[in-house]
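Letters go in sequence order (proteins before strands), and every chain restarts at 1. Fair warning: this is a prediction, and the values are worked out from it, not measured in the lab.
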Amino acid sequence: MLNYQHTASCKCVPQNVMKYIPAEIETRWQLFWERKKTFRAQEVVNKPKIYVLDMFPYPSGSGLHVGHPEGYTATDIFTRYKRMRGFNVLHPMGWDAFGLPAERYAMQTNIHPRITTGENIATFRRQIKMLGLSYDWDRELDTTDPTYYRWTQWIFLTIYNSWFDPRAKKTRPIKALIQEFALRGSESLETDRPFTAADWMKKGKKGQQDVLARFRLAYLAEVPVNWCEELGTVLANEEVDEWTEKGYSVERRPMRQWMMRITAFAERLLEDAEQLDWPASTLEQQRNWIGRSEGAEIDFPVKGLDKPIRVFTTRPDTIFGATYLVLAPEHPFVETVTTPENRETMLDYRNQALKKSDLDRGIEKDKTGLFTGSYAVNPATRKEIPIWVADYVMMGYGTGAIMAVPGQDDRDWTFAEQYGLPIIRTVQPPEDFSGNAYTGEGPAIHSEFLNGLDVAAAKDKIVKWIEQKGIGRRTTRYKLRDWLFSRQRYWGEPIPIIHWEDGTMSQVPEPELPLLLPDLKKFQPSGTTESPLALADDWVSVVDSQTGMKGRRETNTMPQWAGSCWYYLRFCDPQNPEQLCSPEKEQYWMPIDLYIGGAEHAVLHLLYARFWHKVLFDLGYVSTREPFMKLRHQGTILGEDSRKMSKSRGNVVNPDSVVEEYGADAMRLFEMFMGPLEEMKPWSTQGVEGVFRFLKRVWRLFIAEDGTIDRKIADVRPSEGFERLFHQTVRKVGEDIELLRFNTAISQLMIFINEAYKLDRKPRGIMEQFVLLMAPFAPHLAEELWQRLGHDDTLAYEAWPVFDKEKAREKKVEVVFQVNGKVRSKIQVPAGTTETDLEAIAMRDEHVRRHIDGKRIAKKIIVKDKLVNLVVVPE
RNA sequence: GCCGGGGUGGCGGAACUGGUAGACGCACAGGACUUAAAAUCCUGUGGGGAGCAAUCCCCGUAUGGGUUCGAGUCCCAUCCUCGGCACCA
């Protein structure tokens with residue numbers, strides 16, 4: 001049944017073609033594959049599955065870059081190999097097509113982004129098809145297609161309608177929380193503002209929504225954002241660098257924005273990452289980004305105030321050295337603790353700090369700060385310590401307040417020196433220590449009951465003390481912040497929310513999805529901080545048909561990451577009109593067995609997608625904890641001058657011209673032969689010529705000058721040596737593909753060809769099998785040869801050659817004779833020659849004798865099939 | 001500064017759990033074919049030295065140490081480089 005769609009033969013082969021002309025062969029086979037749907041994945045069948053995914057591209061106006069085919073070819077080789085090994089392969093491609101460039105182009109030309117996006121996709125599709133990649137094109141998808149973004153919106157609503165239950169460490173429907181509040185209030189949940197069931201009922205719709213917003217996984221909040229005036233949009237912290245590098249400026253301002261509560265998943269994102277087969281550096285980056293740190297929260301009473309200042313520290317053991325407190329400028333206590341005479345300068349200082357982004361604050365080396373005029377009490381020493389405000393403390397991390405311990409912290413030391421604040425060491429530095437703050441290990445000093453304890457023990461003891469006194473507790477904090485989800489753009493998924501005039505909001509009812517983007521007559525920024533959608537009056541204004549209440553649609557759209565957060569799920573069931581993906585198909589195909597894409601997505605895409613996946617997992621829509629089991633990055637391809645490719649340097653290589661000149665097979669082969677997949681490596685035109693020459697050699701080995709199969713390929717028995725090489729080649733190529741080491745697999749194919757050239761008669765059976773080995777790498781050439789060898793079906797599902805371990809074994813091996821570790825002689829012996837025999841041969845060897853004569857043999861090391869090493873000493 | 005990856009011929013890169021360093025390709029040189037060139041095929045090619053020669057000797061995987069019969073591979077220190085993070089308390 002499997003091959004029924006492949007059995008028709010292609011009748012259009014011009015049998016007289018004798019030269020290797022890639023353009024001719026390649027277009028013909030690409031057409032064949034397309035017509036026969038050769039690479040269509042089968043629906044759930046009783047066959048091992050494998051899901052191999054490329055990170056889908058943003059179809060930019062400049063077309064495919066040579067970096068794209070690198071990863072795509074790698075997965076293509078892998079999947080073609082797996083098909084031949086009997087796997088049901090899912091290998092799809094699609095377009096991450098929402099994005100700022102199309103919108104900016106629309107603003108300049110007033111051409112709808114849908115049109116430019118469509119054109120760009122057409123270019124990308126053509127270029128990708130020209131490489132002969134074995135995608136199942138029936139599953140092609142486009143994030144800007146309403147039938148796709150309908151489900152992006154659905155997922156948004158699902159997230160909006162969920163909360164994270166810290167007791168179960170799990171996502172639950174918001175309905176469950178509403179029920180709980182109605183029944184028991186907030187009693188079993190930790191919250192700043194607790195309430196009873198009765199309170200809840202009295203709150204009213206708006207009041208209840210405000211409470212729920214504090215729990216929903218998607219929520220609106222007033223947050224300081226990175227606003228880019230030229231782009232007319234906010235940017236996520238992660239995106240700021242990208243745009244500032246391009247020369248855009250970003251300012252800090254508070255805005256009401258949609259956020260996603262990714263922080264609730266920090267621990268799980270960290271924990272579950274341990275199971276993943278990902279590059280160490282990527283896991284490390286994610287760990288870094290999440291930034292877990294263990295420590296304690298401690299309350300410091302404020303003189304003349306009934307509320308204490310709560311600080312977070314990872315070094316509670318140093319509390320006896322806490323000689324002052326520092327609040328972030330944004331800290332809510334700043335106004336209350338600042339004494340009237342300091343008020344004016346303080347407000348001034350705060351306003352300045354607010355304008356700076358975290359980035360700017362980081363760049364400034366000098367620390368600035370102001371004394372508030374108030375004092376707190378160090379609960380350990382019971383001494384009064386001054387409260388300062390300084391912008392080296394960030395509101396977004398910990399509690400936005402620190403206990404400053406200059407003796408053990410470099411930043412605090414610098415600040416303390418600058419403002420003449422006391423410094424007390426509470427950890428004894430080693431005698432030879434000459435620095436300022438000492439952050440290393442050592443016994444506690446000046447710390448009363450902690451004295452003598454090492455850091456870990458002191459931490460333990462002081463935390464117990466703090467908890468006993470009820471002034472704090474052990475906690476874990478994360479650097480990870482909630483994900484700023486809204487963008488002031490037109491070309492993105494509309495957020496399906498309506499804001500009503502009574503201050504409440506509601507979601508667009510599910511049957512009304514997709515909420516389509518309105519057509520705009522003119523593409524221009526709204527002129528306010530809203531997206532251009534605000535200009536579409538008809539679209540924005542809504543009236544509730546039942547109550548007549550007026551409302552406005554949410555005008556923010558989703559970030560580009562949204563569509564790529566779940567596309568891998570849609571590929572499993574791309575046309576399903578009822579569900580984002582049927583559970584049956586999801587269970588069959590997921591998780592992704594191999595995912596290849598750029599390292600630049602190490603934190604952004606890969607973290608966001610994992611987050612959404614976990615929400616969907618908790619709610620039962622997906623069956624795996626993690627989406628991407630094995631991840632690899634392709635290395636950057638540099639220009640021929642070993643520098644980054646860029647238009648300004650004029651070293652950009654265009655895939656179109658490479659394919660035109662050498663063909664897709666040569667392009668594929670070269671990109672794989674350049675070096676290890678993950679490494680950065682320079683382009684080389686001569687290298688392309690080298691692999692092109694190899695392909696021509698393969699061609700000429702099979703095809704005689706008159707275009708028929710070369711008569712040297714005949715039904716003869718292979719020599720033992722050639723047969724051995726063949727079996728070794730099958731083994732090596734198979735192993736290397738499994739390990740994604742394509743460069744060494746190709747070199748083995750070259751070795752085989754070099755040997756085959758030396759033969760007068762080439763055994764047909766082996767040569768045909770060799771064509772199959774070539775197929776994943778140079779599929780067009782392989783198909784062509786396969787057909788000319790008399791097969792009338794595609795080789796895509798031919799069984800991968802098997803090797804015989806016995807036949808691959810070398811019968812003779814070279815053994816080296818060393819004297820004192822230096823190679824003095826080499827001989828050929830039958831494999832398996834015993835140690836005793838080896839020793840005897842070595843002792844007779846004239847080269848060996850020359851070096852041992854007149855000396856005493858102190859030691860003999862003999863390794864079978866490898867070497868004999870004689871250690872001699874002067875007599 | 002911290003974390004992670006990596007330094008191998010003229011170049012891209014090979015080298016299994018420590019066991020012949022430089023596979024394969026590029027470039028280069030010589031030869032064959034050709035009127036000639038291109039293409040193609042064959043041979044050679046880490047550096048230095050001795051010899052008419054077959055051959056032999058020394059050095060060599062960033063640097064300096066160490067472990068070992070034996071180190072590109074393991075350990076320590078240093079230098080360089082790429083990537084990430086960076087007032088994260």
Same-atom distance ([atom1]) from [N] to [M], integer angstrom:
N	M	atom1	answer
B/rU8	B/rA62	P	6 Å
B/rA89	B/rG4	C1'	24 Å
B/rG60	B/rG51	P	24 Å
B/rC52	B/rC58	C1'	23 Å
B/rA23	B/rA14	P	13 Å
B/rG48	B/rG9	C1'	14 Å
B/rC82	B/rC87	P	22 Å
B/rA27	B/rG5	P	36 Å

What nucleotide, of [options], holds the atom closest to the side chain of [X]?
X	options	value
A/Phe673	B/rC82, B/rG25, B/rG4	B/rG25
A/His847	B/rU20, B/rA23, B/rC56	B/rC56
A/Pro676	B/rA14, B/rA21, B/rG19	B/rA14
A/Pro682	B/rG19, B/rG12, B/rA89	B/rG12
A/His851	B/rG13, B/rC57, B/rG19	B/rC57
A/Asn288	B/rU55, B/rG19, B/rC85	B/rC85
A/Gln285	B/rG84, B/rC85, B/rG19	B/rG84
A/Tyr392	B/rA39, B/rC56, B/rC87	B/rC87
A/Arg700	B/rC87, B/rC41, B/rC85	B/rC41
A/Asp391	B/rC87, B/rG19, B/rA27	B/rC87

* Beyond-backbone contact of A/Phe670 with A/Trp683, side-chain heavy atoms, under 4.5 angstrom -> yes

Assigned partner base of [N], Watson-Crick or wobble definition, under 3.5 Å:
N	result
B/rC85	B/rG1
B/rA29	B/rU43
B/rA62	B/rU78

Over all strands shown, is [X] touching base, sugar-phosphate only, or nothing at heavy-atom distances under 4.0 angstrom?
X	answer
A/Ile861	base
A/Arg292	nothing
A/Met403	nothing
A/Gln748	nothing
A/Gly690	sugar-phosphate
A/Asn754	sugar-phosphate

May I ask you to verify if any side-chain N or O of [X] is less than 4.0 angstrom from the OP1 or OP2 atom of [N]?
X	N	answer
A/Asn743	B/rA14	yes
A/Lys822	B/rC59	yes
A/Arg697	B/rC41	yes
A/Thr744	B/rC24	no
A/Arg824	B/rC56	no
A/His633	B/rG83	no
A/Asn869	B/rU20	no
A/Arg643	B/rC82	no
A/Lys859	B/rC69	yes

* Does A/Arg856 have any side chain to side chain contact (heavy atoms under 4.5 Å, CB included) partners at least two apart in sequence or in another chain, and if so, which? -> A/Val873, A/Glu875

* To do: Ignoring hydrogens and angles, answer whether the base of B/rC69 and the side-chain atoms of A/Lys860 contain a donor-acceptor pair closer than 3.5 Å.
  => no

* Return yes if some donor-acceptor pair links the side-chain N/O of A/Thr426 with the main-chain N/O of A/Ser447 below 3.5 Å, else return no. => no

* Is the charged tip of A/Arg610 near the ring of A/Trp278: under 6.0 Å from the six-membered ring centre and within 45° of its axis? -> yes

* Working for ring-ring contact (aromatic ring centres under 6.0 Å, His included), residues A/Tyr324 and A/Tyr419 -> CA-CA 11 Å; A/Tyr324 61 103; A/Tyr419 293 96; 9.0 Å; no

* Asked: Among A/Leu838, A/Val868, A/Leu870, A/Val848, whose side-chain contact (heavy atoms from CB on, under 4.5 Å) with A/Met843 holds?
  -> A/Leu870

* **Under-4.0 Å salt bridge between A/Asp391 and A/Arg350** => no

* Trace of the side chain to side chain contact (heavy atoms under 4.5 Å, CB included) decision for A/Leu269 with A/Ile262 -> CA-CA 9 Å; A/Leu269 288 167; A/Ile262 190 171; 3.9 Å; yes

